[in-house]
2 protein chains.
Amino acid sequence: MISKVTIHEVARLSGVSIKTVSRVLNREPNVKNDTRARVQEAVAALNYRPNISARSLAGSKAYLIGVFFDNPSPAYVTDVQLGAIARCREEGYHLIVEPLDSTGDVAAQVEPMLQTLRMDGVILTPPVCDNVAVLDVLEAEGVPYVRLSPDQDQDRSAHVRMDDVRAAYEMTAHLIGLGHTDIGFIKGHPEHGASHLRYEGYAAAMKEHGLAVREEHVEQGWFSFRSGFEAAERLLDRANRPTAIFASNDDMALGVMAVANRLRLEVPQTLSVAGFDDTPGAKVVWPQLTTVRQPIQAMAAAAADLLLTGATRAEGEPPPSRLLDFELVVRESTGPVG
Amino acid sequence: MISKVTIHEVARLSGVSIKTVSRVLNREPNVKNDTRARVQEAVAALNYRPNISARSLAGSKAYLIGVFFDNPSPAYVTDVQLGAIARCREEGYHLIVEPLDSTGDVAAQVEPMLQTLRMDGVILTPPVCDNVAVLDVLEAEGVPYVRLSPDQDQDRSAHVRMDDVRAAYEMTAHLIGLGHTDIGFIKGHPEHGASHLRYEGYAAAMKEHGLAVREEHVEQGWFSFRSGFEAAERLLDRANRPTAIFASNDDMALGVMAVANRLRLEVPQTLSVAGFDDTPGAKVVWPQLTTVRQPIQAMAAAAADLLLTGATRAEGEPPPSRLLDFELVVRESTGPVG
DNA sequence: GCTCGCCTTGACAAGGTTGTCATGCCTTTA
DNA sequence: TAAAGGCATGACAACCTTGTCAAGGCGAGC
């Protein structure tokens with residue numbers, strides 16, 4: 001079907017003007033019911049689809065939502081795309097993906113895209129969502145944006161996030177509930193806001209259950225497998241080692257598992273291990289990892305929703321935002337203290 | 001900067017007609033050098049960017065390349081996107097991502113996208129690249145497409161792939177070079193073409209080195225961790241077990257590692273393990289996995305290149321295609337026979 | 001019966017670019 | 001010297017839709 005059906009043919013077939021067809025397509029009011037029906041029939045009969053270029057040229061919408069990312073985790077990135085698409089499709093919007101190179105001049109990469117594409121909105125994932133230069137450009141170009149799990153300056157824009165503190169609290173409580181009292185913790189990258197929040201949740205749970213946070217049971221990590229491996233070596237290579245280790249993310253938890261394996265510590269009989277994020281790797285180890293699942297798709301869908309519904313910040317109010325629920329995924333790597 | 005710079009302003013500033021500006025922008029011939037320079041200066045001075053909607057409405061190009069996928073592997077998907085974007089950016093093209101739901105009516109999902117967006121080309125990843133209904137729609141709409149690693153009917157369209165046979169051959173040769181003679185093999189999902197090719201490479205290498213492919217050393221798997229785990233249990237729970245296992249993909253190889261761990265078989269001292277694909281999980285186990293890296297980004301870039309350069313099939317010729325080199329990634333999970 | 005105002009519809013311009021065709025100039029060829 | 005052809009450029013239409021504004025029809029209120 002190389003011949004393209006235009007709005008004129010629909011108008012001719014249904015015996016109305018093109019403007020009325022346009023009204024029907026855009027669900028505008030003030031069209032009589034039977035006119036509307038007639039137009040819809042013609043649309044179906046001709047298998048007509050509005051041309052998106054003409055639409056965005058004439059109107060104010062481009063029907064394009066951008067997703068900017070520079071995220072090392074492919075699983076995260078695809079989940080964001082899937083979640084955002086799900087919501088966008090309902091409204092006939094499409095997704096433009098733009099990987100950014102944070103090591104370069106990000107603003108210079110972003111500006112031309114914004115100017116040529118005129119997207120209706122942009123979703124920003126960590127870490128670009130905390131790149132001030134990018135936010136500046138978006139605001140200068142007047143493109144609405146929503147940030148996913150921003151670390152800093154949350155009041156600057158609309159955003160969607162998860163309650164890291166409460167999630168870490170619940171995971172710690174889960175371990176305590178299993179009888180653990182000596183619970184090691186591996187912190188995440190100190191420049192990621194989530195690291196502090198997760199530690200905060202851990203510390204709060206310990207305190208509220210009357211347990212001390214022992215300094216020698218808290219290690220600094222960097223969110224990488226290697227850093228988790230090394231932190232675990234320090235935690236486990238001592239007499240009074242913890243009976244459980246809660247790592248701030250899954251990659252580090254997998255590092256812990258590897259050390260446990262080497263030291264012949266049975267998981268979970270001798271050592272319980274908990275992670276955070278529910279990355280694909282969590283199911284690819286044996287035993288499978290107990291972890292926290294971020295509702296990434298749902299968060300991205302919420303972000304798209306904020307964009308599409310045009311939620312705007314009221315004067316003097318904080319910007320619109322959504323806080324989604326996490327999910328504790330209890331698998332085999334945690335068990336009663338042995 | 002809400003005010004948008006148009007081609008008219010560039011024309012005015014450089015003292016030429018808009019058509020000439022257009023010619024310069026599109027690198028058309030027949031523009032005097034100093035005129036061209038003058039226009040380019042004006043473009044830079046005004047920070048002008050052509051409006052993509054207007055461009056695609058007036059011209060034949062949409063400056064949009066689609067990536068259709070329904071791929072369970074996020075790492076694969078993002079690599080494809082990164083590779084494709086790298087090439088597209090050079091020409092000012094953008095990437096539209098469209099996850100497809102293979103369980104539904106894929107053609108019905110694809111058709112409206114094609115009609116509204118009028119993309120200049122589409123990149124298809126497995127398994128959608130083997131979905132005949134999708135190919136039919138693309139051809140009916142006259143949208144050029146390139147398939148990545150298609151299983152079937154390769155002569156139907158342009159495609160890019162890697163030499164699975166040779167890669168599996170080389171990996172097997174690597175193991176043989178380490179002194180192994182009893183090399184187990186775990187096949188992949190029988191409906192994936194790559195499964196057959198990889199087995200073929202394994203068998204060829206064994207044969208050419210004068211080694212027998214022992215039937216009890218070849219197990220059927222399904223590309224999943226679980227299936228690798230179970231196949232490994234069968235392979236290793238016997239007296240004359242192999243000294244090396246080559247799994248058709250990394251997930252299954254990780255399953256093998258898990259079994260080895262359980263059985264207290266040292267890797268690689270007692271058992272060498274090799275995978276295929278170099279997924280992120282390959283570096284997240286201990287010891288790290290020896291595997292084959294597909295140049296996925298390069299393959300996607302090649303696909304984009306075929307689309308952008310408009311490589312067309314000559315009459316009576318096979319369609320244009322590219323065959324890229326793999327890379328043998330030797331890490332710690334393989335070693336000399338002990 | 002008349003005016004007012006709302007609902008419904010249509011004519012036409014606008015949006016920013018590329019494609020087509022015409023024009024004028026300059027160089028080459030007979 | 002004249003004709004032919006190529007190069008550089010511009011005027012204007014075309015692409016397809018939405019936005020603006022005007023107009024006609026019809027019911028309600030006086």
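Naming convention: chains lettered A, B, ... in sequence-line order (proteins, then strands); numbering from 1 in each chain.
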Return no unless some side-chain N or O of [X] is found under 4.0 Å from OP1 or OP2 of [N].
| X | N | answer |
| --- | --- | --- |
| A:T6 | D:dC16 | no |
| A:T20 | C:dT9 | no |
| B:T35 | D:dA8 | no |

ask   = If you check the A:K4 side chain, which of C:dT8, D:dC7, D:dC16 turns out closest?
value =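 Looking only at heavy atoms from C-beta outward on A:K4, the closest nucleotide is D:dC16.
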
key: From C:dT18, D:dT18, D:dG10, nucleotide with atom closest to A:I18 side chain   =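 Of the options given, the side chain of A:I18 lies nearest D:dT18.
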
Roughly, in whole Å, what's the span from [atom1] in [X] to [atom2] in [N]?
| X | N | atom1 | atom2 | result |
| --- | --- | --- | --- | --- |
| A:K32 | D:dG24 | NZ | C1' | 12 Å |
| A:N26 | D:dC16 | CG | C1' | 13 Å |
| B:N33 | D:dA8 | CG | P | 9 Å |
| B:E28 | C:dT20 | CD | C1' | 12 Å |
| B:N30 | C:dC25 | CG | P | 18 Å |
| B:H8 | C:dA14 | NE2 | C1' | 12 Å |
| A:L25 | D:dC16 | CG | P | 15 Å |
| A:R12 | D:dC16 | CZ | P | 12 Å |

Is [X] salt-bridged to [Y], cutoff N-O under 4.0 Å?
| X | Y | result |
| --- | --- | --- |
| A:R49 | B:E111 | yes |
| A:D305 | A:R87 | yes |
| A:R156 | A:D136 | yes |
| A:R36 | A:E28 | no |
| B:E91 | B:K61 | no |

key: Quiz item: B:K19 side-chain donor-acceptor pair to C:dG19 base, under 3.5 Å   =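 Per atom types, the contact qualifies.
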
message = Given the structure, check if the side chain of B:R23 and the base of D:dG10 hold any donor-acceptor pair shorter than 3.5 Å.
response =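 Answer is yes: a donor-acceptor pair is held.
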
message = Taking the six-membered ring of B:Y63 as reference, does the cationic atom of B:R55 (NZ for Lys, CZ for Arg) lie under 6.0 Å from its centre and within 45° of its axis?
response =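 Satisfied, under 6.0 Å and within 45°.
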
task = Show the numbers, then the answer: is there a side chain to side chain contact (heavy atoms under 4.5 Å, CB included) between A:Q81 and A:V97?
result = CA-CA 8 Å; A:Q81 293 178 1; A:V97 298; 3.4 Å; yes

ask   = Heavy atom of residues 50-63 of chain A under 4.0 Å from DNA chain C: which residues?
value =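 When residues 50-63 of chain A is checked for heavy atoms under 4.0 Å from DNA chain C, the hits, listed by number, are A:A54, A:L57, A:A58.
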
inquiry  = For B:R118 and B:S17, find the nucleotide of DNA chain D closest to each by heavy atoms; which residue's nucleotide sits nearer the 5' end?
reply    =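 That would be B:S17.
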
